[in-house]
Amino acid sequence: MTESGRHERATGSPYAPHSPQTTAEMLEAIGAESEADLFDVPSAVRFDGDLGIDSRSERELRAELASTFERNDDLTEFLGRGHHAHYVPSMVEDLSRRSEFLTSYTQYQPEITQGFLQALFEYQSLVVELTGLPIANCSMYDAATALGEAARLAGRVRQASGTRILVPEILPENKRAVLENYVDGTELSVATYPMADGNVDVDALSDAADGETAMIYAENPTVHGAIEERLEGVGAVADEVEALFCLGTDVVALGLLEEPAGVGADVVVGEADALGLPTAYGMGLGLFATREAFLRQVPGRLVGAGEDAAGKRAYTLTLQTREQHIRKERATSNICTNQAWVALRTAMHLAWLGPDGLVDLASECVREASSLAARLDDLRGIKAPVSDRHHFREFLARTDQPASAVAADLESEGFAVHVVGDHLLQVCVTDVNAGESEALVDAFAEAL
C-alpha cells in the first residue's frame, strides 16, 4: 500500500475505508468500469427510480408511525401452537440490555468474554438439570431446526442403522417442512405414525417401526396441548428397533412433566423461548440436549469449563463441530450462528423463577387450561377439550358451527384463537391472558 493509501485508510471511516481514488485503482486492476459492473441484477427486479419517501424529522416520523400502529387490531390472543407468552420480569429486560450482552456476537475470544460464556454455561446447566441428559448445547435457532439436527444426528451415529424418521401425524406442517429440508440430500426420509385420543397410538407405532427406523419423535405436550401419557412405551418401541428416541418439549413444561431421561429419551429438542422472550412469531430459541455418547455429534456450540493458566475457573467454546471450524466433510452441522442473547434471557428468567417458581408456573398452565376448557364445555354447541387427557396451556374445542365463523365472531369481540379444522378451534391460556378468560367465555357464548 502506498503512503497516500495508508493515510486514506487511517483517516477514513473504518466501515467504509476506500476513497474514490483507491476504489478507482481497484476497479482498474480487475478491468471493471464501475462498481455496478460487479453485480448482475436482472432488469426485471432492478430498481432505478426514486423511492418517493419524503424526508421527515424524528418527531414527524414518530407521529406517523404511531398513527399507523393505531390501525392494528387490538386483540387479546389465546394463541399457542409453539408460540407461548409468559410474563417476562423487568429484571430480564434490564440486565439483558447491558451493552456487554446486547452487542456481543460469538465468544471467540474467551479472555474478554468470560461473563457471557459463564451465562451460556449456566443456560446449558439449567437445560441439563431439566432434561436429565448430561449434554446440552448453548442454543439452536428454534424447535424445528433442533428437530432437523436431531434427525441428522440419528443418521450419523452407529447406535441407529435405519434411514426413516417417524413423526406424529399431527406434527405441524411448518415443522415438518423444516425437517424435510434438513434431511434433503441425505439417505433419510420422513414418515408419520397415528395418534389415538390425543396421545401416541403405541400399537400402531410399533407396527410402523422396524429395522429401517433411525429415529422416533414424540412430543410432550403435543402441539394440541395434550400431555403424553405413553412416553415409556414410545421409548420401548425405539429400543426394540434400535432407533433413537427424540422427545420434543418446552422449558416450562419440563418443570412439571416427566423428566425426558427417565422415559428413555436419547435426544430432547424444543422451544426454550417461552421464558425470557415475549411472543415473537418468528425469532425463537431451540433447546438441544442428548446423551454423552453423542457428545461429538452435537450441532452448534458448546461452552466448556476448565482452568486458566492461573488455576482459576474459566470458560471457552469447545468441541466446535460446525463446518466453519473444521473440514466440511467432518462437520456435524452448518448452523452458522446461535441464539446466545435469547438463551441468556431464558437463563435469567429461569434463575428468577427458581425451582419452586417454575413448578408453580407450570402447574398454573395445567390448572388454567383445565378451568377454561370446563367453562367452555358448559356452553351449548361446543365440546372442550376434544381429547380426554390432561392438557398443558392449550386444548382443542369442537364446535357445532363452522370453526372459521366462530373464530370470526370472536375476533369481532377482540379475541384471537386458532382454527385447526372445519369444526375445531385451539385455545391457549397462560399467566398473560388468564385474566381475560371469563370475557372469552362470554364471547364464545355470544358466538355460539
May I ask you to decide if [Y]'s main-chain N or O and [X]'s side chain share a donor-acceptor pair within less than 3.5 Å?
X	Y	result
Q339	G284	yes
T113	L117	no
H423	D400	yes
E93	P89	no
T290	D266	yes
R46	V41	yes
H418	G80	yes
T22	S19	yes
T346	L275	yes
N137	P299	yes

Atom pair [atom1]/[atom2] of [X] and [Y] - distance to nearest 0.5 Å:
X	Y	atom1	atom2	answer
D273	L287	CG	CG	9.5 Å
F245	I216	CZ	CD1	8.0 Å
L302	I135	CG	CD1	7.0 Å
L166	Y217	CG	OH	13.5 Å
T279	H83	OG1	NE2	8.5 Å
L133	E259	CG	CD	7.5 Å

A side-chain contact here means heavy atoms from C-beta on lying under 4.5 Å apart; do [X] and [Y] qualify?
X	Y	result
P168	T192	no
L231	P260	no
W352	L95	no
L147	M215	yes
P110	L317	no
T249	L130	no

task = Step through the shown structure and confirm whether more than 12 heavy atoms of other residues, nucleotides or ligands are within 6.0 Å of CG on N72.
result =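 Enclosed: over 12 neighbouring heavy atoms sit under 6.0 Å from CG of N72.
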message = Heavy-atom count check: over 12 atoms from other residues, nucleotides or ligands less than 6.0 Å from F47 CZ?
response = yes
May I have the list of side-chain donor-acceptor pairs in residues 424-448 shorter than 3.5 Å, sequence neighbours left out?
from	atom 1	to	atom 2	distance (Å)
Q426	OE1	R81	NH1	3.0
Q426	NE2	V223	O	2.8
Q426	NE2	E394	OE1	2.8
T430	OG1	A85	O	2.6
T430	OG1	V432	N	3.1
D431	OD1	H86	ND1	2.6
D431	OD2	Y87	N	3.0
N433	OD1	T430	N	2.8
N433	ND2	E77	O	2.8
N433	ND2	C428	O	3.2
S437	OG	A434	O	3.0
E438	OE1	R375	NH1	2.8

Kindly write out the residues that satisfy salt bridge (charged side-chain N to carboxylate O under 4.0 Å, His left out) with [X], not counting sequence neighbours, or none if the list is empty.
X	result
E111	none
R164	D210
R313	none
R176	E180

Mind listing the closest non-hydrogen atom pair of [X] and [Y] along with its distance?
X	Y	value
C138	Q124	CB-OE1, 3.2 Å
A154	A214	CB-O, 3.9 Å
R345	G276	NE-O, 2.6 Å
T222	E228	CG2-OE1, 4.4 Å
A369	F395	O-CE2, 3.6 Å
I227	N199	O-ND2, 3.4 Å

Going by side-chain hydrogen bond (donor to acceptor under 3.5 Å, both in side chains), name the pairs with one or both residues in [range], residues two or more places apart or in two chains.
range	answer
residues 381-391	E229-R389
residues 401-412	none
residues 54-67	R56-E64, S57-E60, E58-R62

Can you name the residues that form a side chain to side chain donor-acceptor pair (under 3.5 Å) with [X], not counting sequence neighbours?
X	value
D142	T145
Y193	none
R152	none
E70	none

request  = Take Y123 and L285 through the side chain to side chain contact (heavy atoms under 4.5 Å, CB included) test and state the conclusion after the steps.
outcome  = CA-CA 12 Å; Y123 165 79; L285 168 64; 4.1 Å; yes
ask   = What do the steps show when you test I165 against Y182 for side chain to side chain contact (heavy atoms under 4.5 Å, CB included), and what is the final call?
value = CA-CA 12 Å; I165 309 298; Y182 262 70; over 6 Å; no
request  = Give me the one residue out of Y315, F121, F101 that meets ring pair (Phe, Tyr, Trp, His ring centres under 6.0 Å) with F116.
outcome  =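 Among the candidates, only F101 passes.
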query = Should T23 and L27 be marked as a side chain to side chain contact (heavy atoms under 4.5 Å, CB included) after you check the CA-CA gap, both sets of side-chain angles, and the distance that decides it?
reply = CA-CA 6 Å; T23 299; L27 291 172; 4.1 Å; yes
request  = May I have the step-by-step check of side chain to side chain contact (heavy atoms under 4.5 Å, CB included) for D377 and I382, ending in yes or no?
outcome  = CA-CA 6 Å; D377 197 54; I382 186 170; 6.0 Å; no
